[in-house]
Amino acid sequence: MVTLNVNGKQLQADVDADTPILWALRDTLGMTGTKFGCGMALCGACTVHLDGAPIRSCMTPVSAAEGRKITTIESMSASRVGKAVQAAWVKHDVPQCGYCQSGQIMSAAALLASNAKPTDRDIDAAMSGNVCRCGTYNQIRAAIKDAAATLSA
Amino acid sequence: MRTAFKPSRRNFLKTSGLVIGFALPGAQRLAEAATPAEFKPNAYLRVGADDRVTVVVGLSEMGQGVHTAIPQLVAEELDADWTRVRVEQAPVDEAYKNPIFGIQATGGSTSVNGNWGPMRKAGAAAREMLVAAAAQTWKVDASECRTEKGAVVHKSGKKLSYGKLVAAASKQPVPKEPKLKDASEFKIIGQNLRRLDTPQKVNGSGKYGLDVRLPGMLTAVLAQPPVPGGKAVSVDDSKAKQVKGVRQVIQIPQGVAVLADGYWQAKKGRDALQIQWDKGANAGLSSEGVTKMLTEATQQEGKVARNEGSVGSASGAKTLEAVYEAPYLAHACMEPMNATAWVKKDGIEIWAGTQSQGPNQGILSHVGSVDPKQVKVNTMLLGGGFGRRFAPDFTIAATVLSKMAGKPVKLVYSREDDMRAYFYRPASVTRFAAGLDESGKPVSFTARVASPSIMEASGFMKLPPDGVDSFAVEGVKDVPYDIPNLRVEYSRQEPGVQVWFWRSVGHSQNIFFSESFIDELANAAGKDPFEFRRSLLGKQPRYKGVLELAAERAGWGKPLPQGVHRGIAVAQSFGSYVAEVAEVSVDKDGRPKVHRVVAAVDCGEVVNPEIVKRQCESAIVFGLTAALYGRITFKDGQVEQGNFDTYPMLRMSEMPKVEVYIVKSKEHATGMGEPGLPALAPAVTAAIYKATGKRIRKLPINPEALKA
Ligand code: FES
Ligand code: FES
């Protein structure tokens, strides 16, 4: 049994210590907004924040999260940055199949939380770990810039 | 090659009808089930007393925007208030058959094409009934009433919203031939309306197949045979059963499944299995062997797919020959294949992101030995489809497992399982020969295509008597250029791997082949590749239209930054015409960089221009990913790729600027999920030729060969 702080709530999960955060969230806690894409930290679909920093939850065991704060897509609208990112995603109608977008939004929100005015290179660096098989990269870029503008206004 | 799959294939698409019009057989019956609080004129829409319009869509939403485009068609003719329109996924029912396929399934860029008429009629019929209801209520003639934004308005100014007319409208007869609007009256069709599925896709609430959770459900992970057609001869599951959370180990024709409380335990259990495999007939399969088999086949005469004039009699002043090759490709949908099945006493229920819910109902009834009516298919959101989710391998396996386990079972493919589960775009080799006359005009063109047959692999089609698989030759067979002597042949070759439909199907490789060879001809003739094509497209106005528009918008012929070069290609697939111009540079290590792609599209009348553009851009990324990286290879029968490290995807930092321009057209609306893909690779490789003088005839592009 491990105790995880997810989106501000202390939750008990009956999983082994080596279980990736992804599967504790999805299978044990029933929070399916965080997606499984590769299981090897190669696609970013499973991105969540650990103490505010983006991590690949498919490769990070729950043991690494004890005493730390996990933030997922389900609580993005609760933060100023998360809200702005989601609004920009809606404005630009970014998603196609949408499956990668939880992870994209988590990566984008982490970028904007630490860098209010990201350049194209900053965006490339922060977002190149997130695959979008539907190819929405240009819309993601536009939405990030839009969210940055909203946040600095 | 997969034993459990075969018996079911016969059922696949068995109930195929032909093209059906508005009077879809189930439409009226479903309509009659309406509760009085709603007006439900047919199976495709409901109007609530709260003015809410629900459009019920039988097609699968896999990113292509069909859950927005279909509601736009209905809402247009209904004169609905778009802000009150929502979309609902339909169950499996005859009413939702794809009018082009005759089955309930999504693919082949058919959705808008096939539903352009039927869904508009569905909306128009409802509108006429609402008008009749209002006229009756007001005791006026219907001709004195018009509709706007979800309300009927009388010429006196009286107005009733559709919600207020629900009861009265339900009593009106359903018009058989409702009047459709003229395109000049469109207010919703042709607009860049927001996708209805966006909100749930930005807050994590959208439910994909993988997100299904049922009480008492077990999660299954499968140990698949390492070689196509292999079989487990002995299984030692003692270690697997020691993994905490593992409940059962079940052997099925597709492999050995470990069932556990969750994915992680199931995967750990699966990895702990010790299995002896009989690799079977494909143990020696290698990519070199496939290349050899296909290449040699193109040296022999094949079955004739097209024959005009006499290629033998016209050799021309200058002759060219070239052999092109494309590899097997995996779809690599972002969401790995999965399905949740529950075989109960009185029937089967399945939850899956599937493109073929209709056929699945039949197939799974066969698997579970129940009546098709006892199979309920719940279509979830699809985390990508691209043809892969047309296949029933994962739904069949999940159903078999649930039946054997006696519980609901969610079968999940790991990324590696997904990539190694076959259903690949076929490998293909094409040998071309052509002759040019003194003026550089092509006088003869021969193409010999060798590849596996998707028709035969599909399980629901057969090679026609002429022996030509139309999927194998599409894009080569229909070269649009004015060439008097033209011959295309096909040779079916089966290396032993299950092949399948992959975004744009045969066009995905054949347009690369044929358009590249045309580029070679232009070069041999000493002509500009755009002008060369243009001069041969006199009888093809739609091809010519997109070619000219793309060239114009790309600034064809105008100077480019140092080291950047342009290539152009044009294609028609699924009735839509697309030309693309790519701007590419190649660095010292031979790595190409695509800076900008300009596309011009003619897909007839357009329902949602922004969705058309996005789909085109999406297909460009898909095509570019394949051109740069896509390759499934075999060694000793085993697939060498497994995850995104060995089967890379295009990333943000590599994304070119993309511009898509739409030709104004009055032609029938056609789909855009696939047609943006085929022209990309030949446009890029033509630009690479300009940059390096090296002709890419084999995909993916090999930077080694392009080194300075
Ligand atoms: S699922 Fe974690 S990075 Fe792909
Ligand atoms: S929207 Fe489909 S993978 Fe990104």
Problem set entry | Heavy-atom pairs under 4.5 Å with chain A, option from B:R614, B:E61, B:Q200 with the top count | B:R614

Problem set entry | Pi-cation contact, B:Y263 with A:R26 (under 6.0 Å, within 45°) | no

For this session: Check whether B:D197 gets within reach of chain A through its side chain, its backbone, both or neither, counting any heavy atom under 4.5 Å.
Result: side chain

For this session: Could you tell me whether the side chain of B:R194 and the main chain of A:D93 form a donor-acceptor pair under 3.5 Å?
Result: no

Seminar exercise, completed: If one checks every heavy atom of B:E416 against chain A at 4.5 Å, the contacting part turns out to be side chain

Problem set entry | B:Q265 CD to A:T19 OG1 distance, which is reported to the nearest 0.5 Å | 6.0 Å

For this session: Answer yes or no: is there a side-chain heavy-atom contact under 4.5 Å between B:M652 and A:R141?
Result: yes

Problem set entry | Residue among B:L382, B:I620, B:D211, B:I611 with most heavy-atom pairs under 4.5 Å to chain A | B:D211

Exercise. Of the backbone (N, CA, C, O) and the side chain (C-beta and beyond), which part of B:V412 lies under 4.5 Å from a heavy atom of chain A, both, or neither?
Worked result: side chain

Problem set entry | A:C97 side chain near B:E335 side chain, heavy-atom distance below 4.5 Å | no

Problem set entry | When A:S75, A:G39, A:G30 are compared by non-hydrogen pairs under 4.5 Å with chain B, the top option | A:G30

Exercise. Under a 4.5 Å cut-off applied to non-hydrogen side-chain atoms, are B:Y208 and A:K35 in contact?
Worked result: yes

Problem set entry | Note, B:P656 side chain near A:Y137 side chain (heavy atom, < 4.5 Å) | no

Problem set entry | Side chain to side chain, A:P61 and B:W264, heavy atoms closer than 4.5 Å | no

Problem set entry | Shortest non-hydrogen contact from A:C134 toward B:F386 | SG-CZ, 4.2 Å

Problem set entry | Residue part contacting chain A, namely of B:V202, when any heavy atom lies under 4.5 Å | both

For this session: Carefully, step by step, assess B:M334 and A:C43 under the rule side chain to side chain contact (heavy atoms under 4.5 Å, CB included).
Result: CA-CA 9 Å; B:M334 211 61 223; A:C43 78; 3.6 Å; yes

For this session: List the atom of A:N130, the atom of B:R651, and the distance in Å for their closest heavy-atom pair.
Result: N-NH1, 4.2 Å

Exercise. Is there side-chain contact between B:K201 and A:Q96, with at least one heavy-atom pair below 4.5 Å?
Worked result: no

For this session: Please determine, among B:D645, B:L624, B:T625, the option with the most heavy-atom pairs under 4.5 Å with chain A.
Result: B:D645

Exercise. Is it true that atom NZ of B:K207 has more than 12 heavy atoms of other residues, nucleotides or ligands lying nearer than 6.0 Å?
Worked result: yes

Seminar exercise, completed: Okay, B:M649 and chain A: the region with an atom under 4.5 Å from a heavy atom over there is side chain

Exercise. Quick one: which residues of residues 145-153 of chain A reach chain B at under 4.5 angstrom, heavy atoms only?
Worked result: none

Exercise. Relative to chain B, which segment of A:T28 carries a heavy atom at a distance below 4.5 Å: side chain, backbone, both, or neither?
Worked result: backbone

Exercise. Side chain, backbone, both or neither: which part of B:K268 has a heavy atom under 4.5 Å from chain A?
Worked result: side chain

For this session: Under 4.5 Å, counting heavy-atom pairs only, tell me which of B:G262, B:A332, B:G65, B:G245 racks up the most with chain A.
Result: B:A332

For this session: Using atom types as modelled and distance alone, determine if a side-chain donor or acceptor of A:R133 lies under 3.5 Å from a backbone N or O of B:C333.
Result: no

Exercise. Is a side-chain donor-acceptor pair under 3.5 Å present for B:E617 with A:N138?
Worked result: yes

Problem set entry | Over 12 foreign heavy atoms within 6.0 Å of NZ, B:K244 | yes

Exercise. Sub-3.5 Å donor-acceptor pair from the side chain of B:N643 to the main-chain atoms of A:C38, do we have one?
Worked result: yes

For this session: Using non-hydrogen atoms and a 4.5 Å limit, figure out which bit of B:L381 sits close to chain A: side chain, backbone, both or neither.
Result: neither

Exercise. Taking every heavy-atom pair that is under 4.5 Å apart, which of A:Q139, A:K91, A:M31 has the most such pairs with chain B?
Worked result: A:Q139

Exercise. Which atoms form the tightest heavy-atom contact between B:P336 and A:Y99, and what is the distance?
Worked result: CD-OH, 4.2 Å

Exercise. Given A:Q86 and B:N203, is the side chain to side chain contact (heavy atoms under 4.5 Å, CB included) satisfied, shown in steps?
Worked result: CA-CA 7 Å; A:Q86 284 178 323; B:N203 63 19; 3.9 Å; yes

Exercise. Salt bridge between A:D27 and B:R213, side-chain N to carboxylate O under 4.0 Å?
Worked result: no

For this session: Identify which of A:D16, A:D18, A:I140 forms the greatest number of heavy-atom pairs closer than 4.5 Å to chain B.
Result: A:D18

Exercise. Where along residues 100-127 of chain A does a heavy atom come under 4.5 Å of chain B, listed by residue number?
Worked result: A:C100, A:Q101, A:S102, A:I105, A:I123, A:D124, A:M127

Problem set entry | Side-chain heavy atoms of A:W89 within contact of B:T198, under 4.5 Å | no

For this session: Before giving the answer on side chain to side chain contact (heavy atoms under 4.5 Å, CB included), spell out for B:R415 and A:M40 the whole-Å C-alpha distance, their side-chain angles and the decisive distance to 0.1 Å.
Result: CA-CA 9 Å; B:R415 172 57 58 195; A:M40 294 269 286; over 6 Å; no

